[in-house]
Amino acid sequence: MFYVLRTLISVLTFPGVIVHELAHQIFCHLCRVPVYKVKYFQFKNPPGYVIHAAVDRPIANFAIGTGPFLINTVLGVSIALPATAKLADHSISTLFSTLFSTLEMMDFILIYLGFAILMHAFPSKGDAQSMYRSIVKNKRVNILAKILALPIIGLIYLGSLGSIIWLDTIYAIALLKLSASLLPPLWDSLLF
């Protein structure tokens, strides 16, 4: 049942899967790691993937593994912000009653795209395992780098496991709400 539900969610939020895999590919390119095959989206598990050359540089592996978090977060918030900013002054209790009177069709599309992209910001368990092997288990990596990387790798594991309790959805909604509340006032203060 869980597999079917996750597949359905991936289908409904496919733009996020595509951006996630594109982010892996971009960071492979930036780190000069050859990419052998990319599947931006498919109707099975995993919904997308990037197969690249083995990475012997821990920092490159870290960048490739966490790249989707950065790109999906920035892109998802940026796309949805023009629409979510219109909702910034509404509380949750009044939001639904004013939703259709406040937003236009393009706003709904922007919110959907931002939400779908944010839903797939978390690196996968496979990304965490790869970083763990190349950083924590690597004898050539100094202890300080291991100490700094381990909590981040742990958070990635928790994030991937957290999708069972909808942590990815909570992250997307929270970020949309937070960015709508914080960024417009910040932007206004910079302009005036």
Side-chain angles (χ1 to χ4, degrees), residues 6-7 9-82 109-163 167-169 171-172 175-176 179 183:
R6 291 310 299 173
T7 301
I9 290 169
S10 293
V11 169
L12 293 174
T13 59
F14 75 92
V17 175
I18 293 169
V19 172
H20 182 101
E21 301 312 331
L22 183 60
H24 280 308
Q25 187 178 19
I26 288 168
F27 275 86
C28 282
H29 177 74
L30 291 173
C31 294
R32 299 190 188 325
V33 174
V35 173
Y36 302 134
K37 185 176 182 183
V38 178
K39 183 66 102 175
Y40 292 109
F41 185 77
Q42 62 183 357
F43 291 99
K44 55 185 175 179
N45 193 20
Y49 58 85
V50 174
I51 298 174
H52 56 79
V55 182
D56 61 351
R57 295 165 291 144
I59 194 73
N61 198 326
F62 186 80
I64 293 166
T66 59
F69 184 75
L70 174 69
I71 289 180
N72 282 54
T73 298
V74 170
L75 189 60
V77 168
S78 299
I79 287 172
L81 189 59
I109 293 169
L110 292 175
I111 290 170
Y112 159 73
L113 286 172
F115 176 79
I117 292 168
L118 285 166
M119 277 277 297
H120 295 278
F122 290 170
S124 68
K125 188 170 89 172
D127 295 328
Q129 290 169 338
S130 177
M131 285 186 272
Y132 184 79
R133 281 190 307 272
S134 82
I135 298 170
V136 178
K137 290 291 191 178
N138 188 338
K139 293 177 182 176
R140 295 177 297 164
V141 174
N142 71 48
I143 190 71
L144 181 61
K146 291 178 182 187
I147 290 170
L148 292 173
L150 198 56
I152 296 169
I153 294 168
L155 285 173
I156 292 169
Y157 269 115
L158 287 175
S160 66
L161 292 173
S163 68
L167 187 60
D168 45 3
T169 305
Y171 175 78
L175 220 53
L176 290 175
S179 64
L183 290 180

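The figures that follow rest on heavy atoms only: side chains count, while hydrogens, waters and symmetry mates do not.
- At distances below 3.5 Å, not a single donor-acceptor pair connects side-chain atoms of S130 with backbone N or O atoms of G126.
- In this structure, the side chains of Q25 and V33 stay at 4.5 Å or more apart for every pair of heavy atoms.
- Heavy-atom minimum distance, V141 versus P58: CG2-CG, 3.2 Å.
- Under the 3.5 Å distance criterion, with hydrogens and angles disregarded, no donor-acceptor pair is assigned to the side chains of T13 and Y112.
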request  = Might you work through the side-chain contact (heavy atoms from CB on, under 4.5 Å) test for L167 and Y171, ending with a clear yes or no?
outcome  = CA-CA 6 Å; L167 187 60; Y171 175 78; 5.6 Å; no
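- Proximity of V19 to P68: side-chain heavy atoms (C-beta onward) are nowhere separated by under 4.5 Å.
- Looking at I51 and V35, their side chains never come closer than 4.5 Å, going by heavy atoms from C-beta outward.
- Side chain of R140 to main chain of R57: no donor-acceptor pair is present (N/O by atom type, distance under 3.5 Å, no hydrogens or angles).
- Screening K37, Q42, K39, E21 for a side chain to side chain donor-acceptor pair (under 3.5 Å) involving Y49 leaves a single residue, K37.
- Residues passing the ring pair (Phe, Tyr, Trp, His ring centres under 6.0 Å) test with F41 are F43, sequence neighbours excluded.
- Note: I59 CD1 to F62 CZ = 6.5 Å, rounded to the nearest 0.5 Å.
- The closest side-chain heavy-atom distance from I9 to M119 is below 4.5 Å.
- For the residue pair H120 and H20, the shortest heavy atom distance occurs at O-ND1, 2.7 Å.
- Looking at K146, its side chain does come within 3.5 Å of a backbone N or O of N138 through a donor-acceptor pair.
- Using a 4.5 Å heavy-atom cutoff, the side chains of H24 and D127 are in contact.
- Residues V74 and L70 meet the side-chain proximity criterion, which asks for heavy atoms closer than 4.5 Å.
- In this structure, S179 and V77 approach most closely via the heavy-atom pair CB-CG1, 3.5 Å.
- With rounding to the nearest 0.5 Å, the separation of OG in S124 from CD in Q129 is 8.0 Å.
- Checked against L118 for a side chain to side chain contact (heavy atoms under 4.5 Å, CB included), the options L176, L113, N72, T169 give a single hit: L176.
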ask   = Between I135 and N61, is a side-chain contact (heavy atoms from CB on, under 4.5 Å) present by the stated rule, with each step listed?
value = CA-CA 8 Å; I135 298 170; N61 198 326; 5.6 Å; no
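- With hydrogens and angles disregarded, a donor-acceptor distance shorter than 3.5 Å links the side chain of S160 to the backbone of Y157.
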Without placing hydrogens or testing angles, list every side-chain donor-acceptor pair under 3.5 Å for residues 147-155, not counting sequence neighbours.
none

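- Taking the six-membered ring for Trp and thresholds of 30 and 60 degrees, F69 and F122 have nearly parallel ring planes, at less than 30 degrees apart.
- By the 4.5 Å heavy-atom criterion applied to side chains, Y40 and L22 are counted as neighbours.
- Residues F115 and I117 form no side-chain contact, since every pair of their non-hydrogen atoms from C-beta on lies 4.5 Å or further apart.
- Between the CZ atom of F27 and the CD1 atom of I71 there is a distance of 4.5 Å, given to the nearest 0.5 Å.
- For P15 against A116, the heavy-atom pair with the smallest separation is CD-CB, 4.2 Å.
- Counting only residues at least two apart or on different chains, no side chain to side chain donor-acceptor pair (under 3.5 Å) pair has a member in residues 26-36.
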